[in-house]
There are 2 protein chains.
Amino acid sequence: MQTVLIVEDEQDLAELLAFHLEKEGYRTEVACDGIKGLEAARSILPDLILLDLMLPGLLGTEVCKLLKKSEATQRIPVIMLTAKGEEIDKVVGFEVGAEDYVVKPFSTRELLLRVKAVLRRSAGEPSEGPVITVGPLSIDTERHQVTINGVEIGFTTTEFKLLHTLVKRLGRVQSRDVLLRDVWGYNFVEDTRTVDTHVTRLRTKMGEAGELIKTVRGFGYKMETDQR
Amino acid sequence: MQTVLIVEDEQDLAELLAFHLEKEGYRTEVACDGIKGLEAARSILPDLILLDLMLPGLLGTEVCKLLKKSEATQRIPVIMLTAKGEEIDKVVGFEVGAEDYVVKPFSTRELLLRVKAVLRRSAGEPSEGPVITVGPLSIDTERHQVTINGVEIGFTTTEFKLLHTLVKRLGRVQSRDVLLRDVWGYNFVEDTRTVDTHVTRLRTKMGEAGELIKTVRGFGYKMETDQR
DNA sequence: CTGTTTTGTGAAGAAATCGTTACAGCGAGG
DNA sequence: CCTCGCTGTAACGATTTCTTCACAAAACAG
């Protein structure tokens with residue numbers, strides 16, 4: 001059985017989360033501020049942490065950074081809970097190293113899906129460090145720097161986030177919907193070519209490495225694994 | 001056929017929703033206030049409830065809480081309809097255990113998509129992992145990849161969905177109607193050879209493994225279990 | 001064995017998706 | 001107030017993919 005640590009100061013919400021997660025068969029622990037969250041994480045070593053961004057005592061982002069610094073807790077995946085308008089950019093840009101994030105108010109369904117997805121994944125793959133490399137492409141999430149064959153390339157914020165999201169989910173197809181939600185923060189959109197346009201821009205800037213981004217017709221895009 | 005209960009006091013909206021849902025092939029029931037909604041839910045046990053937040057008589061949140069308390073209705077998913085500005089911030093759906101929520105004014109399309117998503121999930125194909133294997137055939141839904149004896153084969157969107165559906169329901173015959181509904185999203189169709197054509201293409205691309213797809217004359221197609 | 005129904009299949013027109021370019025709005029920084 | 005860079009949208013082909021249709025093949029019933 002897997003354990004989920006919930007770090008959230010609104011008691012109601014924390015309880016609800018715990019309720020739903022337990023209904024799905026997870027064991028849960030709750031901590032109501034940043035410090036306690038950190039302590040709890042270190043002592044019980046949960047399989048996943050749901051971390052509120054706005055916390056009394058110690059901000060969620062700080063907690064997350066600290067977790068990622070320590071050997072013991074480094075590999076525990078973190079899903080950030082953010083209110084709309086809070087500095088999602090930082091979380092997404094991944095100066096913080098969270099696996100995923102969800103914007104409040106969110107639906108039970110969505111959160112549970114993400115929890116499941118993250119847990120399923122973390123079973124196999126090691127969670128990566130601050131620098132991710134795919135073939136000739138290397139992206140440093142802390143510095144917001146991308147190099148291809150050692151040459152640094154300038155990307156805009158949106159481009160970087162898009163690229164990062166694709167790389168982070170290496171090999172897995174991301175639908176336009178998902179990308180719009182995770183990169184752009186749109187909650188619901190019908191039919192836009194925005195993603196396509198940005199992919200084109202990415203590919204152009206990436207030169208040859210642009211071919212790493214593969215179109216999956218009818219579904220979305222994915223970053224090619226370099227193994228071949 | 002699945003039933004959706006609509007609990008909404010604005011008659012116009014309720015009718016509009018009912019109309020669209022029926023067009024999509026669902027049966028609908030309408031209740032115009034909280035009390036009646038609760039009664040209806042208990043007597044007809046719908047597969048899904050669309051629940052307005054602001055209801056005369058009994059607030060939507062209360063209705064939802066009560067539903068979740070009772071054994072019989074506990075598992076019925078609820079989608080909350082909330083007006084903008086209503087205390088969504090309190091994560092309306094959450095405190096009360098709703099599966100999802102939609103903010104008014106919403107597009108019909110959006111609502112329908114959510115309804116489908118929720119129902120699909122609760123109708124529960126066994127929540128399979130990302131990779132399914134049958135004999136020499138292996139399909140990875142996350143990567144959108146199919147391999148036969150280790151060799152990757154390219155499938156188009158529809159082909160992939162069709163194959164996935166057949167594999168998901170291993171050994172069970174799927175009628176053309178069902179396939180058209182689940183793969184193509186068509187609701188009412190008469191006599192089309194589209195499915196046949198696609199099955200042919202699947203078989204061709206699959207080579208020897210194509211024999212795994214069996215024709216059940218007069219009924220439809222099924223994916224053979226590999227034991228023999 | 002024969003007639004009838006159902007399924008397989010190839011080709012061609014119809015439709016959908018995607019890549020790309022151009023452009024206008026917006027905001028930051030001078 | 002102006003300029004410049006970033007973004008999202010629209011538009012237009014170019015392809016790819018889907019659907020339909022016609023006919024062949026196979027299964028079935030009597």
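Below, chain A is the first sequence line, B the second, and so on; all start at residue 1. Heavy-atom basis, side chains included; hydrogens, waters and symmetry copies ignored.
- Atom C1' of nucleotide dC12(D) and atom CG of Asp196(A) are separated by 14 Å, given to the nearest angstrom.
- Nucleic acid contact class of Thr158(B) (heavy atoms, under 4.0 Å, all strands): sugar-phosphate only.
- Using a 4.0 Å heavy-atom criterion, one finds that Tyr221(B) contacts the sugar-phosphate atoms exclusively.
- Here Thr156(A) lies in heavy-atom contact (under 4.0 Å) with sugar-phosphate atoms only.
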Every protein N/O lying under 3.5 Å from an N/O of nucleotides 9-11 of chain D:
unit_1: dT9(D); atom_1: OP2; unit_2: Thr194(A); atom_2: OG1; d: 2.7
unit_1: dT9(D); atom_1: O4; unit_2: Thr197(A); atom_2: OG1; d: 3.4

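- When the P atom of dT19(D) is taken as reference, atom CG of Leu202(B) falls 13 Å away, rounded to whole Å.
- Scored by the side chain to side chain contact (heavy atoms under 4.5 Å, CB included) test, Arg181(B) finds Val178(B) as partners (sequence neighbours excluded).
- Partners of Thr147(A) according to the side chain to side chain contact (heavy atoms under 4.5 Å, CB included) rule, which considers only residues two or more places apart in sequence or in another chain, are Ser138(A), Glu152(A).
- Judged as a side-chain hydrogen bond (donor to acceptor under 3.5 Å, both in side chains), and not counting sequence neighbours, Lys161(B) has no contacts.
- Residues that satisfy the side-chain hydrogen bond (donor to acceptor under 3.5 Å, both in side chains) test with Glu211(A), not counting sequence neighbours, are absent from this structure.
- Between the axis at the start and the axis at the end of the helix from dC1(C)-dG30(D) to dG30(C)-dC1(D) there is an angle of 40°, using five pairs per end and rounding to 10 degrees.
- Listed by first and then second residue, the ring pair (Phe, Tyr, Trp, His ring centres under 6.0 Å) pairs that reach into residues 194-217 of chain A are Trp184(A)-His198(A), sequence neighbours excluded.
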Using atom types as modelled, flag every donor-acceptor pair under 3.5 Å from a side chain in residues 13-24 of chain B to any protein atom, sequence neighbours excluded.
unit_1: Glu15(B); atom_1: OE2; unit_2: Gln11(B); atom_2: NE2; d: 3.2
unit_1: Glu22(B); atom_1: OE2; unit_2: Thr28(B); atom_2: OG1; d: 2.5
unit_1: Glu24(B); atom_1: OE1; unit_2: Lys116(B); atom_2: NZ; d: 3.2

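- One interatomic measurement links the two molecules: CZ of Phe160(B) to P of dT17(D), which rounds to 14 Å at whole-angstrom precision.
- Going from atom NZ of Lys161(A) over to atom C1' of dC6(D) covers 13 Å, rounded to whole Å.
- Salt bridge Lys168(A)/Asp100(A): absent, no basic N to carboxylate O contact under 4.0 Å.
- Residues passing the side chain to side chain contact (heavy atoms under 4.5 Å, CB included) test with Val216(B) are Val173(B), Phe219(B), Lys222(B), sequence neighbours excluded.
- With rounding to whole Å, Leu180(A) atom CG is found 13 Å from dT7(D) atom C1'.
- A salt bridge links Arg169(A) with Asp182(A); the closest basic N to acidic carboxylate O contact falls under 4.0 Å.
- Looking at residues two or more places apart in sequence or on another chain, you find a side-chain hydrogen bond (donor to acceptor under 3.5 Å, both in side chains) between Glu110(B) and Arg114(B).
- For the side chain to side chain contact (heavy atoms under 4.5 Å, CB included) test, residues two or more places apart in sequence or in another chain that qualify with Thr197(B) are Arg201(B).
- Close to dT19(D), at under 4.0 Å from its OP1 or OP2, lies a side-chain N or O of Trp184(B).
- Contacts between chain A and DNA chain C, taken as any atom within less than 4.0 angstrom of a protein heavy atom, begin and end at dT17(C) to dT20(C).
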